[in-house]
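Structure, as structure tokens:
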Amino acid sequence: MFERILKYRRDLHQIPELDFDLPKTTAYVRSVLEKLPCEVFSPDGHAVCAWFDAGAHEAVAFRSDMDALPICEVSGVPFSSRHQGHMHACGHDGHMAMVLELAQYVASVKDRLKQNVLLVFQPAEETTGGAQFICQS
């Protein structure tokens, strides 16, 4: 589990994107989720959601932010940002990694779930507005 979370985080750290413009980030998140027994969708055209249907009347939701900040990375780590002037300096790469690992766990216990599970990967948290579009959709 730890190795997978570390890989997700480092992969995502290298491709920071801003606001609602997250094509590489959403593609990465989708590539992980689409291998799992869930419905993957985008309610607003920017967010990525995963619905694990346990056939229950109730659901629980977990949310992760996806966007980065307009900051130049000078850390020198091997997994540094490949997008000049953008960096996951705020921890959103870690948030996404943890929720992607949660998706793996939910998939492994899906037949024992007592509630449906919704995972929401939200854009535009740093600039505000991302949650509003998801809620409205």
Side-chain angles (χ1 to χ4, degrees):
M1 172 180 30
F2 177 76
E3 292 80 20
R4 194 165 44 213
I5 293 172
L6 186 63
K7 178 184 180 344
Y8 293 154
R9 192 252 168 189
R10 288 181 174 179
D11 289 349
L12 289 160
H13 189 82
Q14 294 177 68
I15 55 169
E17 297 169 303
L18 306 179
D19 202 34
F20 287 102
D21 187 22
L22 308 167
K24 290 180 181 176
T25 303
T26 57
Y28 186 94
V29 168
R30 281 181 165 280
S31 75
V32 173
L33 296 173
E34 288 173 345
K35 296 174 186 162
L36 303 176
C38 62
E39 177 189 352
V40 180
F41 62 99
S42 179
D44 68 346
H46 300 282
V48 178
C49 295
W51 175 253
F52 291 86
D53 189 348
H57 293 291
E58 296 179 345
V60 61
F62 296 88
R63 175 200 154 277
S64 172
D65 22 36
M66 293 192 294
D67 56 332
L69 292 166
I71 296 173
C72 289
E73 181 168 7
V74 292
S75 69
V77 296
F79 52 91
S80 292
S81 171
R82 290 185 270 157
H83 296 168
Q84 185 64 31
H86 300 164
M87 180 184 178
H88 275 297
C90 47
H92 294 181
D93 50 344
H95 299 167
M96 288 183 284
M98 288 183 279
V99 176
L100 287 172
E101 185 59 31
L102 175 60
Q104 297 286 344
Y105 175 75
V106 170
S108 75
V109 298
K110 186 177 178 207
D111 60 331
R112 298 191 314 256
L113 292 175
K114 301 214 184 308
Q115 295 177 320
N116 305 314
V117 176
L118 175 65
L119 305 180
V120 179
F121 293 83
Q122 177 199 319
E125 189 272 339
E126 292 294 349
T127 56
T128 70
Q132 178 182 1
F133 289 106
I134 294 170
C135 291
Q136 288 172 345
S137 68

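Throughout, numbering of the chain's residues begins at 1 and tracks the sequence.
Put simply, the side chain of S64 does not reach to within 4.5 Å of the side chain of F62, judged on heavy atoms. L18 places a side-chain heavy atom less than 4.5 Å from the side chain of P70. Within the 4.5 Å cutoff, side-chain heavy atoms of R63 are placed close to those of E125. Contact check for M66 versus T26: side-chain heavy atoms found under the 4.5 Å cut-off. Taking the side chain as every heavy atom from C-beta outward, C90 and H95 never approach each other to under 4.5 Å. Using a 4.5 Å cut-off on side-chain heavy atoms (C-beta onward), Y105 and M1 make no contact. The shortest side-chain heavy-atom distance between L12 and L100 falls under the 4.5 Å cut-off. Counting heavy atoms from C-beta on, the side chains of L22 and F121 never come closer than 4.5 Å.
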Practice problem: Start with the C-alpha distance between Q84 and C72, add both sets of side-chain angles, then the distance that settles side chain to side chain contact (heavy atoms under 4.5 Å, CB included), and finish with yes or no. | Solution: CA-CA 6 Å; Q84 185 64 31; C72 289; 3.8 Å; yes

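Note that the SG atom of C38 and the CG atom of L119 stand 7.5 Å from one another [nearest 0.5 Å]. Of the inter-residue distances, the one linking F79 atom CZ with E73 atom CD reads 7.5 Å to the nearest 0.5 angstrom. Between atom NE2 of residue H86 and atom CG of residue D19 there is a gap of 10.5 Å, rounded to the nearest 0.5 Å. Between D93 atom CG and Y28 atom OH the span is 11.0 Å, to the nearest 0.5 Å.
Of the charged side-chain nitrogens involved, at least one lies within less than 4.0 Å of a carboxylate oxygen, so that E101 and R4 count as a salt-bridged pair.
Here the closest heavy-atom approach between residue N116 and residue D53 is recorded as OD1-OD1, 3.2 Å.
H88 and H92 have tilted rings, their planes meeting at an angle from 30° to 60° on a 0 to 90° scale.
Residue I15 is not grouped with residue L6 when hydrophobic side chains (ILVMFWY) are merged at heavy-atom distances under 4.5 angstrom, including chains of intermediate members.
In K110, the NZ atom is crowded: over 12 heavy atoms of neighbouring residues, nucleotides or ligands sit closer than 6.0 Å.
Residues Q104 and Y8 bring a donor and an acceptor atom of their side chains to less than 3.5 Å of each other.
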